[in-house]
Structures are given as structure tokens and as C-alpha cells.
Amino acid sequence: MLTIDAWLRQNGARFQHELEILARAYFGISKAEFICESDQSITPNLKNYLSDALVKLKRGTPLAYLLGYKEFWSLEFQVNRNVLIPRPETELIIEKSIELANDGDSVLELGTGSGAIAIALAKERPDLSITATDISIQALEVARENARKHKCKITLEHSDWFESVSGTWNLILSNPPYIAENDPHLDFLAMEPRVALVSGPTGFEALDVLIENAHNHLKPCGHLIIEHGIGQAQEIKKKLASHHFTEISSHKDLANINRIVTAQQVSPEYG
Ligand SMILES: C[S@@+](CC[C@H](N)C(=O)[O-])C[C@H]1O[C@@H](n2cnc3c(N)ncnc32)[C@H](O)[C@@H]1O
């Protein structure tokens, strides 16, 4: 008899951990329960499921796409290949939003993908009135499903950055695509949607649109919170200053890397 545990040890190689997580998800059981279950004989169905998953893992498919979900801000978000897998460092946007938002503020998230930022913030701060947008209709479907799952009242809209957005906001948040189109790191991200990663040759194209247009959509004293890539902080801060933002600060993620910039609108007449 070949047990599940023995199959994993014989076949899992460097993906043993991922396959164990998939096997647990297959049964819908906890880690502790799986310890007992893994002594059972492996069924043909489970063997096929894990063998198929192993092929995909070896091709570079991220575990989250195989599971169909990813945890972010201690919440489970449905993901598929139409959305970026939410990253732990992006939680910094939630922390800063909670800090900067006053009771009842309006919040606009641009490029919501799975909806992770907008939904986590709505769970944490139900007093806020949150609208989230994306250019990808397929991503908006995932965000809608996640909002339903987490029973969140957020408004989802289709828009190319600010193009279809009207009104002004106390907070504008975004984790835009910020990787340059020839960046070799993209080889490791090939399974995720390119529109979520790349916005042009320099990596600054989407960031520039946000910085140049945010003034027209922020209320006086409103805040802009943007995530960016490694090494982009100085350039972004310079651009924000040249667009008359104030209180411009960088914030580091848990790996001690500058990851987000916050800035404040001074006066409504700049734009
Ligand atoms: C880096 S992903 C962020 C996804 C999600 N907010 C997160 O943090 O996990 C960037 C998102 O911006 C969206 N996007 C790209 N170009 C856009 C555009 N021109 N207008 C609006 N959204 C855009 C992508 O579809 C993608 O969902």
C-alpha cells in the first residue's frame, strides 16, 4: 500500500510543501487532521490530482492559482489568472489607509485586481465609503465575487485609471503596475497578468498617470497612497513634490524596503 505521505515523499521533490497544502485543500482538512490522513492509502483520484498539480508547479504556476485562493490581511481571496496574487507587502497600504482615513471618508482604489485592498479596508473600516476600479473586466468579476464572499459594500467600476471616475475623494490608493517591460524579473512572474505588472518601458508610466492626475480627484487635504517597486521611491517623491503635494513620506515594508509613498493634497487649485 502506498500512503499519501509516502507518495509525497517519493514524488514531491522541491514541491512537497505545496503538494501537501493542495492535498489538505483536496480533503478540506486542517494541518493536524492531515497528519492522520496522510497514513491512509493514496486513492487514484488524489494521485491524479497531485500529479497534475506537480506538472503545473514545475511549469511555474503559483500555488495560489492552483488552490484558487490567497490569504491577505488574514482574509481568503479568490484568485485566478486574471488577477495579480495579492502580496503581503501590500498590507502596508491598508495600515496607512487606516491611519490616515477619518471617520466616514471616501476612498478610491485604482487597479483593484482581486479587490484585496478595497475589501480588507472595508472589513477593517466599515465607516468608509469605498470605490474600487480596474481596467480589466475579468479582474472586476473576481473582485465582485470576493466582495460578495466577504459581505462588503464597496462600489466596483470599470475605468482606465481616472478616465471614468467622477467626484473627489479623501483618499486615493493604488498598487499600480510598476515593472519596466524589459525587467528580467518578469520571467518569474509569467503566469500573472501582464497588465497587472507592466505599464510601459520605464515602469513609471502608470505611476506618472496617478501622480499627474490625482489632484483633480482629491479633496483638499486628501491623501494619495501608492505602492511602488524597489528603487522607485526617490523618483516618485520628486514627481509628487513637483506636483505640489505635501507631507511626502516613504514607508518600508517588513523586509525593510521602501514600498509605499504617502502624500497630501494641499489645495484644490493644483492639477
Ligand atoms: C499590481 S496589480 C494590483 C492588484 C491589487 N490591487 C493588489 O494590490 O493585489 C495592478 C492592477 O492595475 C490594473 N490596471 C492596469 N492598468 C490599468 C489601467 N490603465 N486602469 C486601471 N487599472 C489598471 C490591473 O488590471 C491590475 O489589477
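Atoms within a ligand are numbered from 1 in the order they appear, just like the ligands themselves. Numbers here are sequence positions counted from 1.
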Using a cut-off of under 3.5 Å, which N/O atoms of ligand 1 pair up with protein N/O atoms, and what distance separates each pair?
| from | atom 1 | to | atom 2 | distance (Å) |
| --- | --- | --- | --- | --- |
| ligand 1 | 6 (N) | Glu109 | OE2 | 3.0 |
| ligand 1 | 6 (N) | Gly111 | O | 2.9 |
| ligand 1 | 6 (N) | Thr112 | O | 3.2 |
| ligand 1 | 8 (O) | Asn175 | ND2 | 2.9 |
| ligand 1 | 19 (N) | Asp160 | OD1 | 2.8 |
| ligand 1 | 19 (N) | Trp161 | NE1 | 3.2 |
| ligand 1 | 20 (N) | Ser159 | O | 3.4 |
| ligand 1 | 20 (N) | Trp161 | N | 2.8 |
| ligand 1 | 22 (N) | Ile135 | N | 3.3 |
| ligand 1 | 25 (O) | Asp134 | OD1 | 2.6 |
| ligand 1 | 25 (O) | Asp134 | OD2 | 3.4 |
| ligand 1 | 27 (O) | Gly113 | N | 3.4 |
| ligand 1 | 27 (O) | Asp134 | OD2 | 2.6 |

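Taking the ring axis of Tyr65 as reference, the NZ or CZ atom of Lys56 does not stay both within 45° of it and closer than 6.0 Å to the ring centre.
Test Thr133, Leu173, Asn170, Leu224 against Leu108 for side-chain contact (heavy atoms from CB on, under 4.5 Å) and you get one pass: Thr133. For the side-chain hydrogen bond (donor to acceptor under 3.5 Å, both in side chains) with Trp73, the qualifying choice from Glu124, Glu95, Glu91 is Glu124, the only one to do so.
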Could you check Lys149 against Glu145 for salt bridge (Lys or Arg N to Asp or Glu O under 4.0 Å), going step by step and ending with a plain yes or no? CA-CA 6 Å; Lys149 174 176 166 173; Glu145 194 46 51; over 6 Å; no
Side chain to side chain donor-acceptor pair (under 3.5 Å) for Ser164 and His158? Distances and angles first, verdict last. CA-CA 7 Å; Ser164 312; His158 181 234; over 6 Å; no
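Ion pairing between Arg87 and Glu192 holds under the 4.0 Å rule for side-chain N and carboxylate O.
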